[in-house]
Every structure is written in C-alpha cells, then in structure tokens.
Amino acid sequence: MDTDTAQGPELVLQGKFADAATRAACSQDSPPAADEGVIRIPVSMVDQIRKACDAAQAAGPQL
C-alpha cells in the first residue's frame with residue numbers, strides 16, 4: 001500500500017510481466033494506458049491480495 005501518492009492511496013502489486021499474446025488479448029478488452037502494463041499474479045498470492053484489499057477498504061478515508 002502506498003499512501004504517499006498525489007492521487008491518494010494506491011495498492012502496489014508485484015508480478016511477472018505477461019507475454020505478448022496475453023498483453024494483446026488483454027488490450028482487446030481494456031487497452032492499457034501509456035503508464036500501465038499487464039502482469040501475471042500467481043494464484044498463491046490471491047489470499048494476500050484479498051487481505052490487502054480488505055485492509056485498504058477498511059482504512060478508506062483514514063489513509
């Protein structure tokens with residue numbers, strides 16, 4: 001969680017860059033902005049991400 005951004009708090013994720021075919025498929029549904037990328041998150045991280053999202057949501061305006 002990065003609470004020191006000009007836009008407000010943001011969740012920061014780490015993952016492996018997706019291959020060209022995956023990036024192309026994702027771009028069909030939601031083209032990434034110039035400062036965005038497509039990454040892969042292992043399923044083993046889902047529980048940790050869920051907990052981080054729940055904590056961020058609970059903190060809400062307090063951040």
Side-chain angles (χ1 to χ4, degrees):
M1 190 73 185
D2 184 354
T3 59
D4 297 326
T5 69
Q7 301 82 10
E10 294 181 339
L11 185 63
V12 178
L13 300 175
Q14 177 179 337
K16 294 186 178 200
F17 290 112
D19 58 66
T22 301
R23 290 192 311 270
C26 290
S27 293
Q28 290 178 8
D29 295 327
S30 179
D35 62 345
E36 294 180 334
V38 178
I39 61 169
R40 291 185 173 275
I41 304 290
V43 172
S44 62
M45 297 287 297
V46 170
D47 191 48
Q48 290 175 303
I49 294 168
R50 184 177 295 117
K51 288 176 183 175
C53 290
D54 289 346
Q57 187 175 29
Q62 300 167 10
L63 292 178

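Below, each value reflects all heavy atoms present in this structure, side chains not excepted, and no hydrogens, waters or symmetry copies.
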Contact summary for I39 and G15, nearest pair of heavy atoms: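 The pair with the smallest heavy-atom distance is CD1-N, 3.9 Å.
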Donor-acceptor list for residues 41-53 side chains, cut-off 3.5 Å, not counting sequence neighbours:
| from | atom 1 | to | atom 2 | distance (Å) |
| --- | --- | --- | --- | --- |
| D47 | OD2 | K51 | NZ | 3.2 |

Salt bridge (charged side-chain N to carboxylate O under 4.0 Å, His left out) contacts in which one or both residues fall within residues 24-35, not counting sequence neighbours: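 Applying salt bridge (charged side-chain N to carboxylate O under 4.0 Å, His left out) to every pair that reaches into residues 24-35, excluding sequence neighbours, yields nothing.
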Got a sec, which residues hit side chain to side chain contact (heavy atoms under 4.5 Å, CB included) with [X], two or more places apart in sequence or on another chain?
X   : result
E36 : P32, A33
S30 : none
A24 : none

Sequence-distant partners of D19, salt bridge (charged side-chain N to carboxylate O under 4.0 Å, His left out), two or more places apart: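 Only R40 meet the salt bridge (charged side-chain N to carboxylate O under 4.0 Å, His left out) criterion with D19.
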Check: R23 main-chain N/O paired with S27 side-chain donor or acceptor under 3.5 Å: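 Judged by distance alone, yes, a pair lies under 3.5 Å.
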